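For the numbers below, each heavy atom of this structure counts, side chains included, while hydrogens, waters and symmetry mates do not. Everything numeric here is computed off the predicted structure, so don't read it as measured data.
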Amino acid sequence: MVGRDGDGRLQPLLAAYRTAALVRALPAEPAGTPLMRLLDALRTEVVAVGGEATLDVDTPDDLARARHRLDP
């Protein structure tokens with residue numbers, strides 16, 4: 001099961017995976033493999049999620065915006 005945010009993007013870190021399926025999907029040399037590429041090899045159910053559950057925080061500025069949004 002993988003979440004889809006309000007903008008329609010899959011959020012692979014907001015997901016639940018079966019360990020055995022994830023291990024089978026890993027390439028022989030997994031280092032550096034984008035998580036989105038692993039999703040191509042998995043059968044997933046997409047679940048719409050929104051709001052604060054899908055805040056994308058990659059930078060200090062993103063964190064500041066998220067903090068303001070969660071606690072104005």
Side-chain angles (χ1 to χ4, degrees):
M1 178 177 335
V2 62
R4 182 183 306 274
D5 67 19
D7 294 329
R9 292 182 301 238
L10 292 178
Q11 297 294 325
L13 297 179
L14 185 59
Y17 302 101
R18 294 184 188 273
T19 304
L22 193 55
V23 169
R24 284 191 304 272
L26 285 171
E29 296 294 328
T33 301
L35 188 51
M36 292 300 286
R37 183 166 302 147
L38 291 181
L39 286 182
D40 293 339
L42 298 172
R43 189 177 71 222
T44 58
E45 179 178 340
V46 177
V47 177
V49 292
E52 286 76 25
T54 61
L55 289 176
D56 194 9
V57 179
D58 297 317
T59 67
D61 288 340
D62 291 341
L63 180 57
R65 282 190 293 277
R67 284 182 172 152
H68 177 74
R69 183 173 173 187
L70 294 174
D71 188 20

Just how far is it from atom [atom1] of [X] to atom [atom2] of [Y], taken to the nearest 0.5 Å?
X	Y	atom1	atom2	result
Gln11	Leu39	CD	CG	10.5 Å
Leu42	Thr44	CG	OG1	7.0 Å
Asp62	Arg67	CG	CZ	12.0 Å
Met1	Arg18	CE	CZ	9.5 Å

Do the charged groups of Asp40 and Arg37 touch, with an N to O distance under 4.0 Å? no
Nearest heavy atoms of Leu38 and Ala25, plus distance in Å: CD2-O, 3.3 Å
Minimum heavy-atom distance Pro12-Ala15, with the two atoms named: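 Heavy atoms of Pro12 and Ala15 come nearest at O-CB, 3.5 Å.
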Which residues pass the side chain to side chain donor-acceptor pair (under 3.5 Å) test with Asp7, sequence neighbours left out?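 Here the qualifying residues are Arg9.
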Any non-hydrogen side-chain atom of Leu26 less than 4.5 Å from a side-chain atom of Thr33?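 No, their side chains stay 4.5 Å or more apart.
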Going hydrophobic residue to hydrophobic residue with side-chain gaps under 4.5 angstrom, can you get from Val46 over to Tyr17? yes
Side-chain heavy atoms nearer than 4.5 Å, only ILVMFWY residues, links allowed to pass through others: does that put Leu35 and Leu10 together?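 Yes.
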